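None of the values given here were measured: they were computed from a predicted structure. Just so you know, ligand 1 is whichever comes first in the structure, and atom 1 is the first atom listed for that ligand.
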Amino acid sequence: MQKIKMTTPLVEMDGDEMTRVLWQLIKDELILPYVDLKTEYYDLGLQNRNKTRDQVTIDAANATKTYGVAVKCATITPNHQRMEEYPELTEKWKSPNATIRGILDGTVFRTPITIECIKPAVRTWEKPITIARHAYGDVYKAVEFLTDSPGEAVLTFRAEDGREEAVSVQKVDGPAVWLAQHNKDASIRSFARSCFQYAVDTRQDLWFSTKDTISQKYDGHFRTVFEEEFEHFKAAFEMLGITYFYTLIDDAIARVIRSKGGYIWACKNYDGDVMSDMVSTAFGSLAMMTSVLVSPDGKYEFEAAHGTVTQHYYRYLKGERTSTNPIATIFAWTGALKKRGELDNLPELSAFAEKLETACLNTLSSGIMTADLVSLAESGVNAKAVDSWEFINAVKACL
Ligand code: NAP
Ligand code: MG
């Protein structure tokens, strides 16, 4: 059989633990036999990040800027416990996702992968809901403190040229707690542009919600920036027949629950954190969620939404064939291959990626699934738990 040719390499970022095992398996069984795969390989496994003093992560992000499309395996973000597990680590390296996001300056879009035999908890949902989460600032970059006496807190901004602006936060008559947060105009603008661009790319309506009735300047600024940036996309939206819709976060929640799905919901950082967990749980599981980082200048990094599935890896090291769900990692590959096909005008490559996705969904629909999904399957479906190797073989048989 003739393998499908590629013209531009994909930026391939390998990772850690169970997902690294699945990564190789997916490539060997589901991609390499069919595609003359061109990748520029970066090993983001923890050991190699340590060996290169994390330069490999920076190089991989820069390569994504050059080539435009990357696919990333889940990676360990070292914490205290990992420092003990890997005594050779010379530093507690930063989260690779944070480094890559910093360089590409993007927004993360997460979409559930839906199948007929696993129904969402919300019965009206017929199509996936995509959460677009702003990934900079607000409470994630806040300063906070406690005070124990009566007094007053004042918030002062000191401009580089020496000017000062100050506002009284509150006078209190006893102990109190305080927090100051910020966001940057440039970051809000790139968030808005990424959202509009993604809506155009995927031909879906865009919803955006904040609490600008209460936070008139802070959230009000987010709303204004979105309105300003929308001006650059209005024509494209009109041509595609899609809409941009702003509403208050509480109204958005009521509408989301009553909706049929099939749109993008842009959320501020904290709202996106909470709402993406709500949406993914209501649709089924994190292992059935795609995740893509889109930069404002149209660079794409595809990954799974879950982590390296450490507990499964420890069992794998003891010789067990675990039933780890590879769907999100397979869809990271198909997302990247499809995008490469689209950008390079290689319809065969895009078609192959679609075919692989369909093979996954058909396998699941036939009742062959990993253990995490069996308990979610509708009654009446003859669901059977298989290990990851059996699952991938079943997918291959559908290709
Ligand atoms: P996790 O790897 O997502 O796993 C949490 C639990 O969710 C697993 O123990 C498993 O539950 C279930 N699960 C997740 N993915 C699954 C899959 N594909 N198939 C079946 N079950 C799945 O999160 P974590 O344990 O909190 O983090 C582990 C490591 O991943 C950490 O070192 C963290 O830094 C890293 N991480 C990386 C990324 C990323 O690179 N994007 C994101 C998050 C976390 P059961 O054990 O009950 O089966
Ligand atoms: Mg969270």
Exercise. Should you measure from each heavy atom of Glu303, which atoms of ligand 1 turn up under 4.0 Å away?
Worked result: 41 (N)
Exercise. Should Arg82 be counted as touching ligand 1, given the test is an N or O pair under 3.5 Å?
Worked result: yes
Seminar exercise, completed: closest protein heavy atom to atom 34 (O) of ligand 1 is Thr77 N, 3.0 Å
Problem set entry | Polar side chain donor-acceptor pair, Thr310 to Arg82, under 3.5 angstrom | yes
Exercise. Using a heavy-atom cut-off of under 4.0 Å, does the side chain or the backbone of Thr329 touch ligand 1, or both, or neither?
Worked result: neither
Exercise. What orientation do Phe208 and Phe226 show, parallel under 30°, tilted 30 to 60°, or perpendicular over 60°?
Worked result: parallel
Exercise. So which heavy atom in the protein is nearest atom 14 (C) of ligand 1, and how far is it from that ligand atom?
Worked result: His306 CB, 3.9 Å
For this session: On the 0 to 90° scale, with breaks at 30° and 60°, tag the Tyr198-Phe109 ring pair as parallel, tilted or perpendicular.
Result: parallel
Exercise. Would a 4.0 Å cut-off, counted as strictly less than, catch a protein heavy atom around atom 6 (C) of ligand 1?
Worked result: no
Problem set entry | Ring geometry between Phe191 and His134 (parallel below 30°, tilted from 30 to 60°, perpendicular above 60°) | parallel
For this session: Answer yes or no for atom 28 (C) of ligand 1: protein heavy atom present at a distance under 4.0 Å?
Result: yes
Exercise. Is the CD atom of Gln2 crowded by more than 12 outside heavy atoms at less than 6.0 Å?
Worked result: no
Seminar exercise, completed: for atom 30 (O) of ligand 1, nearest protein heavy atom and its distance come out as Thr308 N, 3.0 Å
For this session: Look only at interatomic distance and state if Asp372 has a nitrogen or oxygen under 3.5 Å from any nitrogen or oxygen of ligand 1.
Result: no
For this session: Could you pull out the closest heavy-atom pair between Gly335 and Glu357, with the gap in Å?
Result: N-OE2, 4.3 Å
For this session: Identify, by atom number and element, the atoms of ligand 1 in contact range of Thr310, meaning under 4.0 Å from any of its heavy atoms.
Result: 28 (C), 29 (C)
Exercise. Hey, is atom 2 (O) of ligand 1 touched by any protein heavy atom at less than 4.0 Å?
Worked result: yes
Seminar exercise, completed: the protein heavy atom lying closest to atom 4 (O) of ligand 1 turns out to be Val309 CA, 4.2 Å
For this session: Report, in ascending order of atom number, the atoms of ligand 1 lying under 4.0 Å from any heavy atom of Asn97.
Result: 39 (C), 40 (O), 41 (N)
Exercise. To the nearest 0.1 Å, how far is atom 18 (N) of ligand 1 from its closest protein heavy atom, and which atom is that?
Worked result: Asn325 O, 2.9 Å
Problem set entry | Closest protein heavy atom (residue, atom, distance) for atom 43 (C) of ligand 1 | Gly307 CA, 3.6 Å
For this session: Flag atom 36 (N) of ligand 1 as yes if some protein heavy-atom distance to it falls below 4.0 Å, otherwise no.
Result: yes
Problem set entry | Ligand-residue contact atoms, ligand 1 with Thr324, heavy atoms, under 4.0 Å | 17 (C), 18 (N), 19 (N)
Problem set entry | Asp372 to Ser285 - nearest heavy-atom pair and separation | OD2-OG, 4.1 Å
Exercise. Which ligand 1 atoms are under 4.0 Å away from a heavy-atom of Lys72?
Worked result: 40 (O)
For this session: Using the six-membered ring wherever Trp is involved, compare the ring planes of Phe196 and Tyr244 and label them parallel, tilted or perpendicular (cut-offs 30° and 60°).
Result: perpendicular
Exercise. So if you build clusters from Ile, Leu, Val, Met, Phe, Trp, Tyr with side-chain heavy-atom gaps below 4.5 Å, do Leu293 and Ile131 land together?
Worked result: no
Problem set entry | Region of Glu17 that comes within reach of ligand 1 [heavy atoms, distance under 4.0 Å] | neither
Exercise. Can you name the closest pair of heavy atoms from Leu155 and Ala180 and give their distance?
Worked result: CD1-CB, 4.1 Å
Seminar exercise, completed: If you scan protein heavy atoms around atom 40 (O) of ligand 1, the nearest is Thr75 N, 3.0 Å
For this session: Using distance alone, with no hydrogens and no angle criterion, decide if Thr130 and Trp265 have a side-chain donor and acceptor under 3.5 Å apart.
Result: no
Exercise. Is any heavy atom of the protein nearer than 4.0 Å to atom 48 (O) of ligand 1?
Worked result: yes
For this session: Please report the shortest heavy-atom distance between Ile264 and Ala132, naming the atom on each side.
Result: CG2-CB, 4.0 Å
Seminar exercise, completed: In ligand 1, the atoms that come under 4.0 Å of a heavy atom of Ala74 are 40 (O)
Exercise. Do the side-chain N and O atoms of Tyr218 and Asp138 include a donor-acceptor pair separated by under 3.5 angstrom?
Worked result: yes
For this session: Could you find the nearest protein heavy atom to atom 46 (O) of ligand 1 and give me its residue, atom name and distance?
Result: His312 NE2, 3.7 Å
